[in-house]
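Presented below is the structure to which this report refers.
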Amino acid sequence: MKLQSLHPWYVSVEEAKALQTSLAPMVSHTNEITGNVGHIAGVDISPPNDEGTVRAAVVVLSYPGLQPEEVRLAEGKPGLPYIPGFLSFREVPVLIDALESLELTPDVIIADGQGLAHPRRFGIACHLGLITDVPAIGCAKSILRGRYDRLDSGAGSRAEMVDRGEVVGLALRTRTDVSPVYVSIGHKVDLDSAAEWVLACCKGRRLPETTRLAHQAAAGRLPSGRLSADEAGRKSKDSDDQARESIATQQGKFL
DNA sequence: GCGACAG
DNA sequence: ATCTTGTCGC
């Protein structure tokens with residue numbers, strides 16, 4: 001896929017901070033996800049190896065079947081060490097190579113980290129949304145910014161997270177009695193839609209399939225490439241059909 | 001000055 | 001991100 005080049009990536013923390021504040025106003029908080037979502041992507045980075053290089057992975061899943069259809073990998077030096085608030089400048093430089101080699105164009109991207117729930121309202125999900133121009137969602141396992149008070153224990157429960165008086169995200173319980181994930185807007189999506197997409201990817205697990213498989217791919221446990229149109233393609237088409245069917249019957253119960 | 005701090 | 005042990009529930 002073609003990416004927008006907005007600025008240099010290997011910059012100092014001070015430059016990164018200035019870029020974040022100047023890019024944050026470009027983020028769209030409006031839902032622009034169409035009804036015809038066929039592909040959802042997840043991205044992740046491995047921890048650095050002994051030479052200090054990381055492996056970036058992007059995995060494109062069919063929707064609603066959630067079967068992997070394309071896996072792309074890239075290796076390189078992180079743009080920065082891990083510094084809270086600057087994760088995108090660490091991970092995205094290497095992720096760019098993987099994203100550019102993508103044949104499929106995802107309709108939604110789910111990032112492993114924050115979107116708006118960030119000190120300057122510009123987490124990695126926002127950054128990925130801008131450079132890909134694809135609707136993006138932040139789904140983090142822990143909090144960077146924001147507080148919430150009460151969250152019911154049932155799956156699907158959510159609570160607004162507030163930082164400096166602004167609602168920056170949601171604590172979302174994806175499974176009953178497990179710690180929530182923290183969802184925020186990345187780009188071209190609203191918060192409620194973002195939560196629905198995360199839930200739709202969770203198949204009864206705590207984390208979305210996108211993050212799970214991207215994590216496996218970054219760890220080198222998934223073969224890269226376009227899954228062949230025969231067995232894998234038929235498999236994912238079958239599970240898409242099955243998933244559509246079960247969505248239809250579930251909706252039928254409420255009509 | 002101190003604490004908090006995505007991956 | 002990593003590491004370890006114990007506990008709970010199906």
Side-chain angles (χ1 to χ4, degrees), chain A residues 9 13 16-17 19-21 23-24 27 41-59 73-96 98-99 109-130 136-148 153-155 161-164 166-187 191 194-195 198 204-208 210-221:
Chain A
W9 283 99
V13 176
K17 186 183 283 193
L19 284 167
Q20 288 175 334
T21 51
L23 292 171
V27 169
V43 295
D44 198 13
I45 297 287
S46 71
N49 64 15
D50 294 332
E51 287 107 48
T53 72
V54 299
R55 176 164 40 220
V58 50
V59 178
L73 305 174
E75 289 184 356
K77 300 290 182 187
L80 288 175
Y82 171 67
I83 303 167
F86 299 93
L87 183 64
S88 65
F89 286 89
R90 171 179 178 76
E91 299 199 345
V92 175
V94 191
L95 271 172
I96 282 175
L99 287 165
I109 297 171
I110 299 182
D112 193 358
Q114 317 290 348
L116 286 190
H118 177 277
R120 288 163 293 283
R121 308 293 182 255
F122 197 72
I124 188 169
C126 302
H127 222 149
L128 286 169
L130 287 191
I137 295 167
C139 178
K141 296 179 286 297
S142 61
I143 295 173
L144 176 63
R145 277 297 169 91
R147 289 190 64 169
Y148 66 99
S153 61
M161 301 178 55
V162 177
D163 180 44
R164 290 189 256 140
E166 296 177 70
V167 174
V168 294
L170 293 174
L172 175 66
R173 192 94 66 186
T174 55
R175 288 190 63 173
T176 301
D177 286 334
V178 304
S179 48
V181 298
Y182 305 97
V183 177
S184 55
I185 291 170
H187 188 45
L191 190 49
V198 168
R205 295 186 229 238
R206 180 186 179 224
L207 297 176
T210 45
T211 24
R212 229 174 51 77
L213 291 174
H215 188 74
Q216 287 194 10
R221 309 206 66 226

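Letters go in sequence order (proteins before strands), and every chain restarts at 1. The structure presented is a predicted model; accordingly, all values stated were derived computationally and were not measured.
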Check your understanding: Would one find more than 12 heavy atoms of other residues, nucleotides or ligands at under 6.0 Å from atom CZ of A:R164?
Key -> yes

Review point. How about A:L144 and A:P119: do any of their side-chain heavy atoms sit closer than 4.5 Å?
Key: yes

**Study point:** Beyond-backbone contact of A:V54 with A:P48, side-chain heavy atoms, under 4.5 angstrom
**Key:** yes

**Study point:** Side chains of A:R205 and A:R212 in contact at under 4.5 Å (non-hydrogen atoms)
**Key:** yes

Between protein and nucleic acid, restricted to nucleotides 2-9 of chain C and to nitrogen or oxygen atoms under 3.5 Å apart, what atom pairs and distances do you find?
none

Check your understanding: Where is the tightest heavy-atom contact between A:A125 and A:A136, given as atom of each residue plus distance?
Key -> O-CB, 3.3 Å

**Study point:** Partner of A:D44 under side chain to side chain contact (heavy atoms under 4.5 Å, CB included), chosen from A:D112, A:L213, A:T211
**Key:** A:D112

Point to revise | Base-contact (B) and sugar-phosphate-only (S) positions in nucleotides 1-7 of chain B, heavy-atom cut-off under 4.0 Å, - elsewhere | key: ----BBB

**Study point:** Partner set under side-chain contact (heavy atoms from CB on, under 4.5 Å) for A:C126, not counting sequence neighbours
**Key:** A:V27, A:L116, A:F122

Practice item. Anything below 3.5 Å on both distances counts as a pair; with that, list the stems of at least three consecutive Watson-Crick or G-U pairs involving DNA chain B. Key: none

Exercise for review: Determine which bases of DNA chain C form Watson-Crick or G-U wobble pairs with both distances under 3.5 Å, and write the result as a 5' to 3' dot-bracket string with | for other-strand partners.
Suggested key: ..........

Practice item. Please examine the side chains of A:I137 and A:V183, heavy atoms only from C-beta on, and report whether any two atoms are closer than 4.5 Å. Key: yes

Review point. With side chains defined as the heavy atoms from C-beta onward, is the minimum distance between A:S179 and A:K141 less than 4.5 Å?
Key: no

Revision key, fill the gap. Smallest heavy-atom separation, A:V58 atom then A:A41 atom, equals CG2-CB, 4.3 Å

Point to revise | Side-chain heavy-atom pair A:V168, A:S184 within 4.5 angstrom cut-off | key: no

Quiz: residues 77-96 of chain A side-chain donor-acceptor pairs under 3.5 angstrom, not counting sequence neighbours:
from  : atom 1 : to     : atom 2 : distance (Å)
A:K77 : NZ     : A:E51  : O      : 2.6
A:S88 : OG     : A:H127 : ND1    : 2.9
A:R90 : NH1    : A:L80  : O      : 3.1

